[in-house]
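Everything numeric here is computed off the predicted structure, so don't read it as measured data. All chains are named by letter (A, B, ...) in the order of the sequence lines, taking the proteins before the strands, and each is independently numbered beginning at 1.
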Amino acid sequence: MGLRNIVVTLKVTPKPEEIRFDPVTKTIDRSKATNEINPADKNALEMALQLKDRYGGRVIVVSMGPPFWEPFLKLAVAMGADDAVLVSDRALAGSDTLPTSLTLARAIQRIGDYDIILTGEESSDGGTGQVPPGIAEWLGIPHVTYITSIEIIEPGKARVKRTIKGGYEILEVDMPFLASVELGCNTPRFPDFRRKRWAEREFKLKTWSIADLGLSPEEVGFKGSATTVDTLMELKPPERLRSRITGAPDEIAEELARIIRELLR
Amino acid sequence: MRDIWVFIEQDSGVVEESSLEVLTKAREIADARGYLVTGVLLGRGVRGIAGGLGRYGAHRVIVVEHPILESYLGEPYASVMGDLIGERNPDYFLASATRNGRDLAGRLAVRFRTGLQAHVVNLDIAEDGSLVGHVPGFGGNIVAVVRNVRGRPQMATVALGVFRPREAWGEAEVEVVEAKLDPSKLRARRVEVVRRGYVDLSKSRRVVVGGMGTGGDLTLVRELAKIIQADVGVSRPLSDIGVAPKDIYIGSTGVSLNADLAVIVGVSGAPHFVSGIRNVRTVISINKDPEAPIAEYSDYFAVGDLFEIIPKLIEKLRRGV
Ligand SMILES: Cc1cc2nc3c(=O)[nH]c(=O)nc-3n(C[C@H](O)[C@H](O)[C@H](O)COP(=O)(O)OP(=O)(O)OC[C@H]3O[C@@H](n4cnc5c(N)ncnc54)[C@H](O)[C@@H]3O)c2cc1C
């Protein structure tokens, strides 16, 4: 019941609490923010590695982004991925979810031989969650969103658990399929120290341009997008009293009790 | 006449309330522009509830019935909806940003090579007919004003709880359309559904919210909630680790509260969390870290250990709320 390729899409995102908004230029300053593998994508990668541990197959991570993402892809390899592909091209700048899903779908086709494609449920920056079903549509394969586990029940067939309002549902899906994985549904493993050194020093990831994927500059980036951003705005925190209550626990409790009684009246 | 389609999500004949929110918003836009609003209802034996959708804003409702459509399932829903859109060519397509709404819209947008805006918190149609929405990002602190520039239908999913459904109009005209579906061709089939009951915290007047600072033990949170007659909510990690159901976490990927009072304990106040407490009238928080970001989002910020403060607070409140 060996699996063929398990492809994981992966994005690098700035920690949302560390980005700053410049109200004058109306741009987002990410320069001071720590970058990380998008949290939900890490859960997708962990799920892929667990599938590989159980059923075999090769785990390949694929990413569309600038060259500085390389170390993050190598981190994924250090965690256990067998190969990594970075699609990097200036023409991709400004892509909305339409060309992004197209580019990733083309890269996945080029990787080929896939049984399962896993993505995070959404990114912590854009957070649209639209790319996963989009990729599946470009590839013409079924997809299931918001899953928390996968089990292979017979060759070519898997059983997935999907979160729904009020609970969950179990679906049987034919391979190949795409699934988006819920944030926090597992605990991503730490990279093995020796594998990490190897990944950093010796492993060579594949870098593909859009030409490698048979895409023209008109199909991607700003030109290939179907939406445009007119402007950005910062949502200021709502006006709050911001009254600080300090002291011994008993004093604090007394004060809180007074406030709550007042509010409930 | 331009036509705005709204996906009416239902489960076993029960309409998802957020679909009505979208319907009403669509009607308000349509009335200002002289457009038509069409609700599209997929389900099993649902034609009886179609006409009533008019009261929430639909001029007409297209109904497609088939046993396989009883509950949302990605493939047949996308197939039926895709065929309808292909045949009728609506100008706009809106869905509530539920899990199912996003699942469907994400697929359809690529099928029609068109623009899709995600979980918008504001929505309008500009003079030139382009759909303009406010798309929150980075946990909700930054909003992008997004415009569709090509493709048809112009699409958006709409954040839950932002718009109010209104019963302000008359019955809708109903059209029942034959479903063209071959269930044997489905590549994903539902084999089991487990539901544990659902609480809608967006309607709660009072909520006590526990975060990771509780160490996953919600006993004190529940006790406090009981005394002040509040519902219990959590931060997302507590749902992720299985301590609480997934329907009760607060934040950008969970519920947005509209309560009069929220008592928030052991929550740091990450961007993805605080976007869910914007509309709370009074926020009280307890955190042992004086620098916790939640301070800025609180009316009253108590600095201390929740395990020391809450038992005393409960005791005092027991003596009379
Ligand atoms: C794409 C994405 C979407 C997300 N969506 C959501 C969402 O919708 N909702 C959400 O909540 N999160 C969401 N998150 C996660 C979010 O970023 C934070 O990780 C999460 O909100 C943190 O939860 P917390 O505050 O409970 O835990 P922590 O950040 O660990 O904070 C615990 C707090 O408890 C305090 N504490 C510890 N012990 C005590 C004690 N004894 N007494 C008092 N205080 C104590 C600590 O000082 C700390 O401030 C999302 C993340 C991503 C990437």
Side-chain angles (χ1 to χ4, degrees), chain A residues 16-17 19 21 28 97-98 101 125-130 132-134 137-138 142-146 163-174 183-185 226-235 237-238 240-246 249-250 252-254 256-257 259-261 263-264, chain B residues 74-75 99 102-103 106-107 110-111 114-118 137-151 187-198 228 237 240 246-247 261 270-272 278 282-284 296-304 308-309 312-313 316-317 321:
Chain A
E17 60 273 24
I19 60 145
F21 185 75
I28 295 167
T97 53
L98 187 66
S101 57
D125 51 1
T128 70
Q130 291 168 188
E137 175 67 18
W138 286 112
H143 82 269
V144 186
T145 46
Y146 308 103
T163 301
I164 58 171
K165 185 173 174 176
Y168 64 87
E169 61 186 8
I170 308 285
L171 302 167
E172 271 178 23
V173 202
D174 299 342
L183 173 71
C185 69
T227 58
T228 182
V229 175
D230 284 352
T231 182
L232 294 174
M233 301 184 298
E234 185 176 28
L235 273 189
R240 294 284 178 201
L241 294 176
R242 301 195 181 96
S243 160
R244 223 164 244 268
I245 304 166
T246 52
D250 195 60
I252 292 176
E254 186 64 46
L256 288 180
I259 294 165
I260 289 173
R261 279 195 204 102
L263 287 168
L264 297 194
Chain B
E75 242 184 337
R99 289 187 188 89
R102 293 183 194 208
D103 187 282
R107 186 114 201 176
V110 166
R111 188 161 303 174
T114 189
L116 169 59
Q117 304 179 18
F138 297 93
N141 289 340
I142 292 174
V143 169
V145 179
V146 176
R147 176 188 300 271
N148 283 46
V149 289
R150 77 186 165 82
R187 295 168 295 180
R189 297 153 298 270
R190 182 182 297 105
V191 292
E192 196 188 338
V193 180
V194 176
R195 283 212 176 82
R196 300 193 188 84
Y198 171 76
I228 63 170
D240 291 341
K246 292 196 170 150
D247 300 303
L261 171 65
H272 283 285
R278 284 196 154 263
T282 304
V283 174
I284 298 177
E296 209 193 325
Y297 299 85
S298 305
D299 294 292
Y300 303 97
F301 174 65
V303 188
E308 291 176 14
I309 297 169
K312 294 195 161 64
L313 176 60
K316 288 173 201 292
L317 289 172
V321 174

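When the candidates Val144(A), Ile259(A), Thr246(A) are compared by the number of heavy-atom contacts under 4.5 Å with chain B, Ile259(A) comes out ahead. Of the listed residues (Pro238(A), Ala226(A), Gly167(A)), the one with the most heavy-atom contacts under 4.5 Å to chain B is Ala226(A). When each of Glu308(B), Arg190(B), Gln117(B), Glu75(B) is scored by its heavy-atom pairs under 4.5 Å with chain A, the top score falls to Arg190(B). Among Ile284(B), Val303(B), Leu116(B), Asn148(B), the residue with the largest count of heavy-atom pairs under 4.5 Å with chain A is Leu116(B). For the set Thr282(B), Asp247(B), Val193(B), Thr114(B), the count of heavy-atom pairs under 4.5 angstrom toward chain A peaks at Asp247(B). No other option in Ala118(B), Ser298(B), Gly139(B), Gly304(B) has as many heavy-atom pairs under 4.5 Å with chain A as Ser298(B). No other option in His272(B), Arg187(B), Lys246(B) has as many heavy-atom pairs under 4.5 Å with chain A as Arg187(B). Top candidate by heavy-atom pairs under 4.5 Å with chain B, chosen from Leu263(A), Val229(A), Thr231(A), is Thr231(A). Taking chain B as the reference chain and counting heavy-atom pairs below 4.5 Å, the highest number among Glu234(A), His143(A), Glu17(A) is found for His143(A). Among Ile309(B), Val194(B), Val149(B), the residue with the largest count of heavy-atom pairs under 4.5 Å with chain A is Val194(B).
Side-chain atoms of Arg244(A) never come within 3.5 Å of backbone atoms of Phe301(B) as a donor-acceptor pair (strictly under, hydrogens ignored). Of the possible polar contacts, none joining the Glu296(B) side chain to the Pro237(A) backbone as a donor-acceptor pair under 3.5 Å is found. Side-chain atoms of Arg278(B) come within 3.5 Å of backbone atoms of Leu235(A) as a donor-acceptor pair (strictly under, hydrogens ignored). Proximity of a side-chain donor or acceptor of Asp299(B) to a complementary backbone N or O of Leu241(A) within less than 3.5 Å is detected.
The two residues Arg240(A) and Tyr297(B) come nearest to each other via the heavy atoms NE-O, 3.5 Å.
When Asp230(A), Thr228(A), Thr227(A) are each tested for a side chain to side chain donor-acceptor pair (under 3.5 Å) with Arg147(B), only one passes: Asp230(A). Applying side chain to side chain contact (heavy atoms under 4.5 Å, CB included) to Lys312(B) and the options Ile252(A), Asp250(A), Leu256(A) leaves one that passes, Asp250(A).
In this structure, chain B has a heavy atom under 4.5 Å from the side chain of Tyr146(A), while its backbone stays farther away. Proximity to chain A is absent for every atom of Ala270(B), based on heavy atoms less than 4.5 angstrom apart. Interface residue Ile142(B): backbone and side-chain heavy atoms are both found under 4.5 Å from chain A. Contact annotation for Ser101(A): only side-chain heavy atoms (C-beta onward) come within less than 4.5 Å of a heavy atom of chain B. For Leu183(A), the parts lying near chain B are the backbone and the side chain together; criterion is any non-hydrogen pair under 4.5 Å.
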Exercise. Go through the steps for Glu254(A) and Lys316(B) under the test salt bridge (Lys or Arg N to Asp or Glu O under 4.0 Å), then give the verdict.
Key: CA-CA 7 Å; Glu254(A) 186 64 46; Lys316(B) 288 173 201 292; 3.0 Å; yes

Quiz prompt | Full working for side-chain contact (heavy atoms from CB on, under 4.5 Å) between Val110(B) and Gln130(A) | solution = CA-CA 10 Å; Val110(B) 166; Gln130(A) 291 168 188; over 6 Å; no

Self-check item: Derivation of the side-chain contact (heavy atoms from CB on, under 4.5 Å) call for Val143(B) and Leu232(A)
Solution: CA-CA 6 Å; Val143(B) 169; Leu232(A) 294 174; over 6 Å; no

Exercise. Given side-chain contact (heavy atoms from CB on, under 4.5 Å), test Arg102(B) with Thr145(A) step by step and report yes or no.
Key: CA-CA 9 Å; Arg102(B) 293 183 194 208; Thr145(A) 46; over 6 Å; no

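Contact check for Arg196(B) versus Tyr168(A): side-chain heavy atoms found under the 4.5 Å cut-off.
Distance check: Arg189(B) CZ to Glu172(A) CD gives 5.5 Å after rounding to the nearest 0.5 Å.
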